[in-house]
Structures are given as C-alpha cells and as structure tokens.
Amino acid sequence: MPRLPHLNARLQGFGTTIFAEMSALAAKTGAINLGQGFPDTDGPPEVSAAAIEAIGRGENQYPPGPGTPDLRQAVAEHQQRFWSMTTDPDTEVLVTAGATEAIAATLLALCEVGDEVIVFDPTYDSYAASIAMAGAKIRPVLLSPDNGTGRYAFDPGELRAAFSARTRLVLLNTPHNPTGKVFTRTELDLVAELCRQHDVVAVTDEVYEHLVFEGTHVPLATLPDMADRTVTISSGGKTFSFTGWKIGWAVASPELITAIRTAKQFLTFVNGAPFQPAIAVGLRLGDSYYEQFVADLRAKRDLLGALLTEAGFTVLEPEGTYFTTVDISSSGGASKGESDGIEFCLGLPERAGVVAVPSQVFYQHPTAGRSMVRFCFAKRDEVLRAAGRRLIDAFAG
Ligand code: PMP
Ligand code: GLN
C-alpha cells in the first residue's frame with residue numbers, strides 16, 4: 001500500500017476499512033450488499049419508540065460520563081440473567097460509543113508502548129488499528145479450519161508460545177467475526193490458565209453473544225479467577241439491530257473500569273443520550289425476543305448456506321455471528337480454480353450483482369485465508385434469495 005501523506009507511521013498501511021470500501025462498491029454498482037455486517041430491517045419497535053420518547057422528554061444533552069444509571073443497571077441485569085455474572089452497575093460498567101470505542105479505550109488505557117497484545121488471527125479489523133494507536137504490538141495466533149470438521153481452531157502450543165513477559169493483554173472475540181467460530185469451554189480454559197499463569201488481562205469482544213447456533217456462549221469472565229482480570233465488551237448494535245446507534249459497554253472490575261474510563265472520557269466523553277434508555281429497554285426484553293432473534297438468524301444462515309451451496313461454493317457453516325464464509329479455492333462451478341478473495345470480491349458486483357467481503361483483509365498472516373470470502377446473512381429473506389439466485393445464475397448457470 002502506498003505511504004499516505006500526513007498519516008503517522010503507526011497508522012500507515014491501514015487505508016480505508018474494507019466495510020466502507022465494499023459498501024461504496026455496492027452503492028456504485030447497485031449490487032446486493034452482503035458485505036458489511038448490518039441488518040436491513042430495524043430492531044424491535046418498542047426499542048426505537050423508547051429512543052423517540054427520550055428525545056421528546058429532552059434527554060438530549062450530555063449523559064453521565066460512565067453512562068446513564070438505568071442503562072448500567074440494565075447491563076448488570078443482563079449479565080446476571082444470561083451469564084450468571086454479578087456486576088455492580090455503579091463501579092463495574094462503562095457505557096461507550098459502540099464496542100469499537102470500548103476496545104480502543106481499553107487498549108489505550110491498559111497498554112504501555114511496546115507491550116504485546118495476543119489476538120486470534122483473523123481479527124475484526126479495528127483491533128490491529130487500535131493496538132497500533134496504543135503503540136502496542138500485535139501478536140497473532142492463527143485460527144485454521146480443521147480439514148475434517150471445517151471448525152476453526154488454534155494450536156494450543158502456538159498459544160502457549162505467544163505468551164511472554166511482554167504480553168499485556170489477550171484480545172479475544174467469541175462468537176468470532178469473520179469465521180463464525182464459537183470458542184469452546186476447553187479452548188477458553190486454556191486462555192484463562194495462561195492469563196492467570198502470566199498475570200495477563202483478557203479483553204473479550206462478545207458483540208455476537210446472542211447469535212450462537214452451535215455450542216454455547218461462555219463469557220471468559222465466568223471462568224475461575226477470571227472475573228477480576230477480564231474486560232467483557234458488547235454492544236446493542238447486533239443484538240437489537242440498531243448498528244448506527246453505537247451504544248456499547250465494558251464490564252470489568254472497578255479498577256479496570258476506572259482505568260478504561262480515564263481513556264474513554266477523552267475519546268468521545270459520552271455519546272447517544274436518547275439511545276441509552278432505548279438500549280436499556282432492549283436489554284430488558286423478555287426471553288422470547290432473544291429466542292426469536294437467534295431462531296430467525298439461524299433460518300437465514302441455513303437459507304444462505306443452501307443457496308451458496310447450490311451456486312457451487314464450499315460453505316463453512318458458522319457456529320455463531322451473522323456471517324457465512326466460503327472457500328472459493330475448493331468451490332466448483334464457475335469459480336473453480338480461483339484463489340484470491342480480494343480479486344474475486346472486486347469482480348463480484350459486475351459478475352453477479354452481489355457484494356461480499358474478502359476474509360484475507362482480517363488476517364495478519366501473509367497467506368492464510370486468501371481464498372475465503374464472507375457473506376452477511378442479516379438480510380430479509382427475499383434479499384438473500386435474490387442474491388442467491390444471482391450467484392446461482394453467475395456460477396452454476
Ligand atoms: N466487534 C466485532 C467482532 C464486530 O463484528 C463489530 C461490528 N459490529 C464490532 C466489534 C463493532 O461494534 P460496534 O458497532 O458496537 O462498535
Ligand atoms: N462489524 C461489521 C462487519 O464485520 C461492520 C462494522 C463496520 O463497518 N465497521 O461487517
């Protein structure tokens with residue numbers, strides 16, 4: 001990538017996010033956008049009504065720095081209800097501008113320049129940039145699809161070897177974007193064991209905590225002796241289908257929250273005053289909302305998976321999240337023999353009228369994931385069917 005003028009050395013090479021690039025391509029070509037991860041319908045009407053009411057009530061000035069007391073209380077209730085985590089809403093919850101700010105503030109607050117942050121490769125794109133902004137070093141541990149099961153896993157020896165005296169944090173995302181992996185209890189036990197052994201803090205990005213189709217979501221903070229050394233991050237964007245509201249949160253010990261808040265207050269200070277009470281309404285929705293949400297997305301996963309298979313693609317079924325990946329290198333049909341996901345995705349709008357995202361942009365590893373392509377299935381069924389038909393016509397027709 002050419003050197004950008006003005007941009008500091010830490011951020012050289014980051015360019016424009018793949019999501020912005022691919023959504024712009026979709027807008028320009030009129031292709032169906034299965035690239036950037038966002039739903040094409042609004043979330044629950046009682047949640048949007050609560051935001052409108054809050055604006056009407058005049059909740060339009062700066063909310064309190066840590067977040068509104070009611071939203072912090074709702075986050076604490078949610079952690080207890082779903083994950084049996086006991087959380088003090090006054091000292092152990094911090095409301096942020098989406099999970100993205102929670103991650104950035106955590107890295108900026110906890111890392112010294114030169115510290116190492118272990119991540120599982122591929123990673124959500126903001127991690128590498130936030131680690132760089134914090135002056136820290138990214139230490140990737142590769143997730144590879146198992147030949148037999150297609151399930152992504154890491155080599156325990158590689159994870160052990162990644163820990164050293166320089167390790168400050170482990171940054172883990174489960175359910176995992178872009179692979180759809182849900183970390184198992186056994187995998188998390190090893191992460192926890194190594195964190196305890198090396199006195200390392202874990203940061204977990206759990207924005208897809210309610211989108212698990214296979215296995216069970218286990219917050220790392222619930223493992224023995226991990227509550228005080230884990231920062232649990234999530235947001236309302238995915239769970240309530242309001243990605244543009246950017247209401248997120250971090251849950252951690254009072255000491256960690258105080259440190260993170262110190263950085264956060266100078267990033268955005270606060271955000272989203274009328275959206276905070278609305279997300280509190282969302283968090284308190286009955287179990288049937290959460291059950292229906294995952295059931296709907298499971299049906300969409302199955303629908304898109306079947307259409308992609310019919311188009312001749314080798315589909316890696318996700319255990320969680322709202323993304324399905326395909327391996328173009330082992331696919332049949334018209335894509336047979338292709339191996340570069342970037343090239344494939346750049347040509348896809350013209351070839352099939354569909355936009356997808358190349359998984360290789362999420363990788364630190366120079367060659368892994370080159371042939372993987374990610375499709376978002378958080379779309380109306382008719383949109384998924386139309387995209388599927390286009391792909392079938394282009395690749396299997
Ligand atoms: N983490 C992961 C794994 C994501 O996929 C996303 C995208 N929504 C985010 C964080 C960002 O979340 P937010 O929009 O709440 O900042
Ligand atoms: N998390 C979303 C994705 O993975 C996109 C968010 C963004 O555009 N930054 O597609």
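Here, residue 1 is the first one in the sequence, and each next residue gets the next number. Values in this document were obtained by computation on a predicted structure and should not be read as measured data. One-based numbering, in listed order, for ligands and for the atoms of each.
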Using distance alone, determine whether Asn173 and ligand 1 share an N or O pair under 3.5 Å.
no
Any nitrogen or oxygen of Arg374, main chain or side chain, under 3.5 Å from a nitrogen or oxygen of ligand 2?
yes
What about Gly37: any of its N or O atoms under 3.5 Å from an N or O on ligand 2?
yes
So is Thr243 polar-close to ligand 1, meaning N/O to N/O under 3.5 Å?
no
With a cut-off of 4.0 Å, which atoms of ligand 2 are near a heavy atom of Asn177?
3 (C), 4 (O)
Check each heavy atom of Lys246 against ligand 1 and say whether those closer than 4.0 Å belong to the side chain, the backbone, both or neither.
side chain
Any side-chain heavy atom of Phe240 within less than 4.5 Å of one from Trp245?
no
Shortest protein contact, atom 9 (C) of ligand 1 (heavy atom only):
Tyr124 CE2, 3.5 Å
Go through the steps to decide whether Thr268 and Glu101 satisfy the test side-chain contact (heavy atoms from CB on, under 4.5 Å), and finish with yes or no.
CA-CA 8 Å; Thr268 55; Glu101 190 198 32; 2.5 Å; yes
Should the proximity of Val207 to ligand 1, defined as any heavy atom under 4.0 Å, be assigned to the side chain, the backbone, both, or neither?
side chain
Only heavy atoms of Phe323, strictly under 4.0 Å: list the atoms of ligand 2 that pass.
3 (C), 4 (O), 10 (O)
Is there a donor in the side chain of Thr86 and an acceptor in the side chain of Gln80, or the other way round, less than 3.5 Å apart?
yes
Identify the protein heavy atom lying closest to atom 11 (C) of ligand 1, giving its residue, its atom name and the separation to 0.1 Å.
Thr100 OG1, 3.3 Å
Donor + acceptor pair across side chains of Ser330, Thr314 (<3.5 Å)
yes
Identify, for atom 10 (C) of ligand 1, the protein heavy atom at the shortest distance, and state residue, atom and that distance.
Asp205 OD2, 3.4 Å
Would Asp70 and Thr68 count as having a side-chain donor-acceptor pair, cut-off 3.5 Å?
no
Going by the atom numbers of ligand 2, which of them fall below 4.0 Å from some non-hydrogen atom of Lys238?
1 (N), 2 (C)
Protein contact of atom 6 (C) of ligand 2 - nearest heavy atom, named by residue and atom, plus distance
Tyr124 OH, 3.2 Å
Backbone, side chain, both or neither: what part of His176 comes under 4.0 angstrom of ligand 1, heavy atoms only?
neither
Using ring centroids (six-membered ring only for Trp), state whether His217 and Phe183 fall under 6.0 Å.
no
With the side chain counted from C-beta on, respond yes when Leu283 and Val75 share a heavy-atom pair under 4.5 Å apart, and no when they do not.
yes
At under 4.0 Å between heavy atoms, what of Met22 touches ligand 2? The answer is neither
Is Ser235 in polar range of ligand 1, meaning some N or O pair under 3.5 Å apart?
yes
Donor on one side chain, acceptor on other, Ser234 and Glu206, under 3.5 Å:
no
For ligand 2, is Phe38 a contact, meaning one of its heavy atoms is under 4.0 Å away?
no
Examine Ala99 against ligand 1 and note whether any of their N/O atoms are separated by less than 3.5 Å.
yes
Using a 4.5 Å cut-off on heavy atoms from C-beta on, say whether the side chain of Leu110 contacts that of Arg168.
yes
Assess Tyr208 for proximity to ligand 1: is some non-hydrogen atom of it under 4.0 Å away?
yes
Between Asn33 and Ser23, do the side chains contain a donor N or O and an acceptor N or O under 3.5 Å apart?
yes
Do Phe213 and Arg301 touch side chain to side chain, with heavy atoms closer than 4.5 Å?
yes
Using only heavy-atom distances, determine whether the side chains of Asp327 and Ser371 contain a donor-acceptor pair under 3.5 Å.
yes
Could you tell me the residue and atom name of the protein heavy atom closest to atom 7 (C) of ligand 1, and the distance to it rounded to 0.1 Å?
Lys238 NZ, 3.2 Å
Nearest candidate to atom 5 (C) of ligand 2, where distance is taken over non-hydrogen atoms, out of Phe19, Phe362, Tyr208
Phe19
Sub-4.0 Å atoms of ligand 1 with respect to non-hydrogen atoms of Asn177
3 (C), 4 (C), 5 (O)
Hydrogens and angles aside, do Asp205 and Tyr127 bring a side-chain donor and acceptor to less than 3.5 Å of each other?
yes
Under a 4.5 Å cut-off applied to non-hydrogen side-chain atoms, are Leu346 and Met22 in contact?
yes
of all protein heavy atoms, closest to atom 8 (O) of ligand 2 is Gln36 NE2, 2.6 Å
